[in-house]
Amino acid sequence: QVQLVESGGGLVQAGGSLRLSCAASGGSFSMLSMGWFRQAPGKEREFVAGISWGGINTYYADSVKGRFTASRDNAKNTVYLQMNSLKPEDTAVYYCAARRSYSISYVYTEYAYWGQGTQVTVSS
């Protein structure tokens, strides 16, 4: 069983930056592809970014492309989401998720393991 714990959320002004971390335990982290999702109040959970198990491939939602960067450190069993140029519409609870596959998926139902989420609030 894989456990995921996110950290790094908080309150930031528009244009600012945050880095989210997601620490994994209980599984072979290097064989998990990882995804970041977010959910704003009253909205469905949406894909933000994904990274393959070797970290070679990444994929981003159009809304964050060029502003967010996913990375991973397999030695530390941790995946990161660097968020720059934040906008008020980025406000949401951010979740990391894992799936036992090399490939990235943007479909949240294809991820078996989820963290508890971390709140990101961007003020205007």
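These figures come from a predicted structure and were not determined experimentally.
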In terms of hydrophobic clusters joined by side-chain contacts under 4.5 Å, are [X] and [Y] together?
X: L18; Y: V79; answer: yes
X: M34; Y: W36; answer: yes
X: Y59; Y: M83; answer: no

Describe, in one word, how the ring planes of Y94 and F68 are oriented to each other, choosing from parallel (under 30°), tilted (30 to 60°) and perpendicular (over 60°). tilted
For the pair W114 and Y108, name the ring-plane relationship: parallel under 30°, tilted 30 to 60°, perpendicular over 60°. perpendicular
List the atom of [X], the atom of [Y], and the distance in Å for their closest heavy-atom pair.
X: S17; Y: S85; result: OG-N, 4.3 Å
X: A70; Y: Y60; result: N-OH, 2.9 Å
X: G117; Y: V93; result: CA-CG1, 3.8 Å
X: R67; Y: D90; result: NH1-OD2, 2.8 Å
X: Y111; Y: V107; result: CD1-O, 3.4 Å

To the nearest 0.5 Å, what is the distance between [atom1] on [X] and [atom2] on [Y]?
X: R100; Y: W53; atom1: CZ; atom2: CH2; result: 10.5 Å
X: T109; Y: R99; atom1: OG1; atom2: CZ; result: 9.5 Å
X: K65; Y: T58; atom1: NZ; atom2: OG1; result: 10.0 Å
X: I51; Y: C96; atom1: CD1; atom2: SG; result: 12.5 Å
X: F29; Y: L4; atom1: CZ; atom2: CG; result: 8.5 Å
X: I104; Y: E110; atom1: CD1; atom2: CD; result: 12.5 Å

Is R45 close enough and on-axis enough to F37, meaning under 6.0 Å and within 45°, for cation-pi? no
Just by distance, with hydrogens left out, do E6 and T118 show a side-chain donor and acceptor under 3.5 Å apart? no
Exam field: side chain [X] to backbone [Y], donor-acceptor pair closer than 3.5 Å:
X: S52; Y: S33; result: no
X: S21; Y: S7; result: no
X: Q3; Y: Q1; result: yes
X: T69; Y: Q82; result: no

So do the side chains of [X] and [Y] get within less than 4.5 Å of each other, counting heavy atoms only?
X: V120; Y: L20; result: yes
X: T91; Y: Q119; result: yes
X: V64; Y: R38; result: yes

Got a sec: does the OH of Y106 have more than 12 other heavy atoms crowding it under 6.0 Å? no
